[in-house]
Amino acid sequence: METSTEKSILQIDSYQPQAIEAKWQKQWEETGLYKTDIEESHMPKYYALSMFPYPSGRLHMGHVRNYTITDVIARFKRMHGFNVLHPMGWDSFGLPAENAAIQNNIPPADWTFSNIDYMRKQLKQLGLAVDWDREVATCKEDYYKWTQWMFLYLYQRGLAYKKEAPVNWCEQCHTVLANEQVIDGRCWRDDSLVTKKKLNQWFFKTTEYADRLLKNLESLKGWPERVLLMQKNWINKSIGAEVEFAVEGRDIKIPIFTTRPDTIFGVTYMVLAPEHPLVELLVSEDYRESVQQYIENTKLKSEMDRTATDKEKTGLPLGINAINPYTGEAIPVWISDYVLVEYGTGAVMAVPAHDERDFAFAQKFQLPIRRVIEQSGQAGQPGQALKAAYTEPGVLIASGEFTGLDSETAKEKITRLAHDKGFGKEKIQYRLRDWLVSRQRYWGTPIPIIYCDHCGTVPVPDEDLPVRLPKDVDFTVKGVSPVATSPSFKNAPCPKCGTMARRETDTMDTFVDSSWYYLRYIDPHNETKPFEPQLIHQWMPVDQYVGGIEHAILHLMYSRFFMMALSDSGWTEQDEPFKNLLTQGMVLKDGAKMSKSKGNIVDPDAIFKEFGADTARFFILSDSPPQADFDWKESAVEGCFKFLCRVWRCVTQHQSAISFSLALPAYEEMSGETRELFQWTNRTVGGITTDIETQFQFNTVISKIREFVNYLSKFEPGEEPNAVYSHAIAALLKLMAPITPHLAQELWVISGGDGALYTQSWPKWDAVATQSDVVEIVVQVNGKVRDKFTVASGLPQSTLEEMARQRPKVIQQIGDQQVVKVIVVPNKLVNIVAK
RNA sequence: GGGCGAGUGGCGAAAUGGUAUACGCGCUAGUCUUAGGAACUAGUGGAGCAAUCCGUGCAGGUUCAAGUCCUGUCUCGCCCA
């Protein structure tokens, strides 16, 4: 890169983005332009937040898009007089660092921090209006100390607990996974099949807040509908009944959960999950061996394979019967893998006539199918054979005293009977599980717990935090956390009795780290608390959160859980962290997903070097709305660069006409081209402001900027200072400032502007002055465009109608037909209806 | 199978029920130039010499007027089963 650009800037020869950008970035950093005074209270607060990156090595275009969007919003709000908080940090614990350590023998910390240094440099090159003094990294002691504090906070409130349970195990990652991290039976990270393992693990009690997590969704008006829906489906509340079926000849009762108690007279058998603890106890000797074989086979199947409706059903009878408490009837008990032990009670009553999977199972094993619900209004033929399960609600038939009731009423009465007679009750069931947070990995926050032979499970006292990650570990071990290989870590005195005890060697899921980082940004250097509650009250919730849709459930739900838990004891005032959420689309390359294997990665460094950050920012906002996928095309980037060059020429070519201190004449006194220019300016400012305020429609914002510049380049302001022209240029630069901050700032200064555009106020606009003096009227005959004419705006409807009817083309079209109706839309259109 | 969303030029895409294709990419022709992969100018949905006709996945409907609203249907995407 040439170094002689300083001269050409002074000569305002041509657009030199690299020199301009470096110059302003340096100046902004030195003057602390983007520092947020958190205590300042004159301006209303605005918290703009991007999902912080994992420091994988280098920035990718998805990052560039994400942070550009948030940056434009932050700058836009600052120019509207808000005190903006726009922080950045690093989600810096995680597996890749550990894998790099194994492969290249580099300590995870070294790998991570060198990546952070590189990516921070890249982000600074992008020109973000970020307050870097608030930077956090979740892998640093001054952060994970407080993550541990959070763990203990939850532990003390009974929201963190340890239990043995069958958990998701990813062989590839050598660790367990939370339910949310298993997608279609595969690991969210590496797509390998997840198996079940029975382990003693730490959980966060997300189910404690199931109802609140669900209910609060209604208040999140600023979230995309589909994210709300995904969370709602994930929590999946179902209201039903738990009913106990006695086992024939044994003193054992099997509770089942059903959402359809109205179908209970149609039960013809019962199914237990193969892992159900009662199976061992119940199975008759004849079946024991084959049942054991079946259980072994089940372990190899994924949840997806087990529950898919289109999969062939398998199962075995246990050779015993259960008694339906409503009918007294004995029904066979089976096991099958389509029933999951984690869901409900791990046992279902099977009603093949009214449940698809039960129907498929009954058909395969020739179990009876008994119809007890019929569509309301249809004459009942209970004996008729069903071709498929009827799963809709309806009217009960062949159901004893409940016959004739509709499903809703029957559910209620049948459940009440169970309650009255003591063999069941109403039950609300959620699909949401508790969050499994233990990980058998090294590069994460150590769980601050000590196990003492005398005192049991003992939390590490606050004053002993952080529990530091040891460095003397062996990364090559499998199946246990590498932390467990550290000789210095494993043993520690019990905080209660002082005798030698064992430390917990698992670390926390990295989603724990990211569940509260937005709070730490507000008070990042606090050494005595995770944050000062007073400041949180002042700054939360996040006004605009921007990130990928892939976190629709995981990160967003965990964060909501944290806020609820913290708000319950007043650490936060609000219980929802993110007021508005924007989920940006992916960045594609020529219509395909960017990936290393396809070799179609666009490297931000190369773009910065060739065109500059402003071109990258401008382009990535230009072609699609932020929510949609964005296609990166080389030729289109060049087009954007050329456009910025045109902006440069446009603003620099008539410098003598620009003087920002001139007073604008009154609108009524403007005439001719000047008046038109003023109208153009007002229209552009108004349109762009609306586009940003309503939907963050940056693609149309950019098309409006282009139209305005196209117009301005042809405008001849003359040699003398021109107030209206200067006003137009000032407006253009302010409108562009959030998107191309360096270019706008440079041109602002070249044109004689003072100070930072960042702190200038957003241009005002007058709706009255957006209207052109002349308008084109479209004339339709019977709804088809036949003619157009141009007139002064604001003419009355009757005049427009009269003018339209006199047009030769219109007269010709009407011919000898009768005009039955005329519709006039002022300043726009006349439609003549003739028959 | 259920829910949600989307289908508009060669491509990315615009359009409070009111001129469909703004803005851009690409393409064509021209001007300037030693040169052009720079800049500028003009053109660019389809058919037709033309008047004109046809055009927003498909089929209907409501309306003076439908890309937009309603009903059905097909395809694709996502989520849930």
Side-chain angles (χ1 to χ4, degrees), chain A residues 14-15 183-184 224-236 238 303-304 306-311 338 340 343 355-357 360 388-389 391-392 431 549-550 552-553 583 585-591 618-625 627-643 645-646 648-650 653 684 687-688 690-691 694 697-711 713-714 775-790 809 812-813 819-835:
Chain A
S14 61
Y15 176 43
I183 296 148
D184 290 346
E225 201 53 48
R226 63 190 195 117
V227 174
L228 295 175
L229 196 68
M230 280 162 76
Q231 293 216 355
K232 191 178 165 207
N233 286 340
W234 185 260
I235 298 166
N236 195 18
S238 48
E303 194 164 306
M304 186 68 180
R306 288 175 58 164
T307 54
T309 40
D310 54 356
K311 286 269 156 57
Y338 79 91
L340 303 176
Y343 188 77
D355 179 277
E356 278 177 43
R357 281 182 292 205
T391 57
E392 301 296 308
R431 192 177 83 124
I549 186 81
E550 67 273 17
I553 295 172
T583 49
M586 281 188 302
V587 180
L588 310 172
K589 173 84 202 304
D590 302 319
F618 186 87
F619 175 52
I620 209 143
L621 297 173
S622 67
D623 268 2
S624 314
Q627 297 83 354
D629 286 350
F630 178 86
D631 199 6
W632 185 277
K633 281 177 132 177
E634 208 52 50
S635 60
V637 193
E638 279 173 36
C640 288
F641 177 69
K642 287 178 191 170
F643 175 75
C645 291
R646 284 185 55 209
W648 181 272
R649 285 198 302 275
C650 175
Q653 71 181 340
T684 304
I688 287 176
T690 312
D691 284 355
T694 50
Q697 276 189 60
F698 298 119
N699 54 330
T700 54
V701 167
I702 279 174
S703 78
K704 286 179 173 98
I705 288 174
R706 283 179 180 274
E707 286 181 272
F708 191 40
V709 170
N710 288 347
Y711 171 80
S713 330
K714 287 178 195 146
V775 289
E776 190 180 52
I777 304 294
V778 170
V779 189
Q780 297 182 333
V781 177
N782 290 331
K784 289 194 171 174
V785 179
R786 294 302 176 189
D787 201 7
K788 296 170 190 179
F789 61 92
T790 304
K809 282 187 185 170
Q812 185 201 329
Q813 278 294 331
V819 173
V820 277
K821 198 174 184 182
V822 180
I823 284 100
V824 182
V825 182
N827 288 338
K828 245 188 192 144
L829 163 143
V830 178
N831 187 11
I832 298 168
V833 186
K835 273 186 188 165

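Letters go in sequence order (proteins before strands), and every chain restarts at 1.
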Between [atom2] of [N] and [atom1] of [X], the distance in whole Å:
X: A:Glu550; N: B:C79; atom1: CD; atom2: P; result: 11 Å
X: A:Ile702; N: B:G12; atom1: CD1; atom2: P; result: 18 Å
X: A:Lys821; N: B:A65; atom1: NZ; atom2: C1'; result: 10 Å
X: A:Asn827; N: B:G18; atom1: CG; atom2: P; result: 15 Å
X: A:Ile823; N: B:G17; atom1: CD1; atom2: C1'; result: 13 Å
X: A:Leu621; N: B:A14; atom1: CG; atom2: P; result: 14 Å
X: A:Gln231; N: B:C4; atom1: CD; atom2: P; result: 18 Å
X: A:Arg706; N: B:A14; atom1: CZ; atom2: P; result: 15 Å

Work out how far the [atom1] atom of [N] is from that of [M], and round it to whole angstrom.
N: B:G45; M: B:A50; atom1: P; value: 14 Å
N: B:G18; M: B:A66; atom1: P; value: 11 Å
N: B:A20; M: B:U28; atom1: P; value: 30 Å
N: B:A6; M: B:A14; atom1: C1'; value: 16 Å
N: B:G10; M: B:A47; atom1: P; value: 10 Å
N: B:A35; M: B:U44; atom1: P; value: 30 Å
N: B:G17; M: B:G55; atom1: P; value: 23 Å
N: B:C11; M: B:U16; atom1: P; value: 23 Å

* **Donor-acceptor under 3.5 Å (A:Asn831 side chain, A:Ile823 main chain)** => no
* Does A:Asp787 use its side chain to pair, donor to acceptor, with the backbone of A:Lys809 at less than 3.5 Å? -> no
What is the pairing partner of [N], taking Watson-Crick or G-U wobble pairs with both distances under 3.5 Å in any strand?
N: B:U68; answer: none
N: B:A15; answer: none
N: B:G9; answer: none
N: B:C78; answer: B:G3
N: B:A50; answer: none
N: B:A38; answer: none
N: B:A22; answer: none
N: B:U33; answer: none

* Can you find a donor-acceptor pair, distance only, under 3.5 Å between A:Glu776 side chain and B:U19 base? -> yes
* Could one point to a donor on the side chain of A:Asn831 or the base of B:C64 with an acceptor on the other under 3.5 Å away? -> yes
* Is the centre of the A:Phe643 ring less than 6.0 Å from the centre of the A:Phe618 ring? -> yes
* Mutual orientation of the aromatic rings belonging to A:Trp632 and A:Phe630 [parallel < 30°, tilted 30-60°, perpendicular > 60°] -> perpendicular
Among the nucleotides [options], which one has an atom lying closest to any side-chain atom of [X]?
X: A:Asp623; options: B:C80, B:G12, B:G3; answer: B:G12
X: A:Gln697; options: B:C64, B:A15, B:C80; answer: B:A15
X: A:Ser624; options: B:G18, B:C80, B:G12; answer: B:G12
X: A:Lys642; options: B:A14, B:A38, B:G18; answer: B:A38
X: A:Val785; options: B:G18, B:A20, B:C23; answer: B:A20
X: A:Val833; options: B:C64, B:A20, B:C23; answer: B:C64
X: A:Gln780; options: B:G18, B:C25, B:U41; answer: B:G18
X: A:Arg431; options: B:A13, B:C80, B:C54; answer: B:C80
X: A:Arg646; options: B:G12, B:C40, B:C54; answer: B:C40
X: A:Thr700; options: B:C23, B:U19, B:A14; answer: B:A14

* Asked: Considering only heavy atoms from C-beta outward, does the side chain of A:Val779 approach that of A:Arg786 to under 4.5 Å?
  -> no
* pair A:Val785-A:Lys788: side-chain heavy atoms closer than 4.5 Å -> yes
* To do: Classify the nucleic acid contact of A:Lys714 as base, sugar-phosphate or nothing, counting any heavy atom under 4.0 Å across all strands shown.
  => sugar-phosphate
* Asked: Base, sugar-phosphate, or nothing for A:Lys704, non-hydrogen atoms under 4.0 angstrom?
  -> nothing
* Asked: In terms of side-chain heavy atoms, does A:Thr700 have a donor or acceptor partner in A:Asp691 at a distance below 3.5 Å?
  -> yes
Does a side-chain N or O from [X] land closer than 4.0 Å to OP1 or OP2 of [N], or not?
X: A:Asn710; N: B:G24; result: yes
X: A:Arg786; N: B:U52; result: no
X: A:Lys828; N: B:U19; result: no
X: A:Lys633; N: B:C25; result: no
X: A:Asn233; N: B:A81; result: no

* Structure fact -> Judged by whether its glycosidic angle lies within 90° of 0, B:G43 is anti
* Any chance you could lay out the side chain to side chain contact (heavy atoms under 4.5 Å, CB included) test for A:Arg226 and A:Ile549, step after step, and finish with the verdict? => CA-CA 10 Å; A:Arg226 63 190 195 117; A:Ile549 186 81; 3.5 Å; yes
* **Exceeds 12 heavy-atom contacts within 6.0 angstrom, atom CZ of A:Arg646** => yes
* Between A:Ala636 and A:Val778, name the one whose nearest nucleotide on RNA chain B is closer to the 5' end. => A:Val778
* Asked: Considering heavy-atom distances to RNA chain B, does A:Asn236 or A:Glu707 have its closest nucleotide positioned more toward the 5' end?
  -> A:Glu707
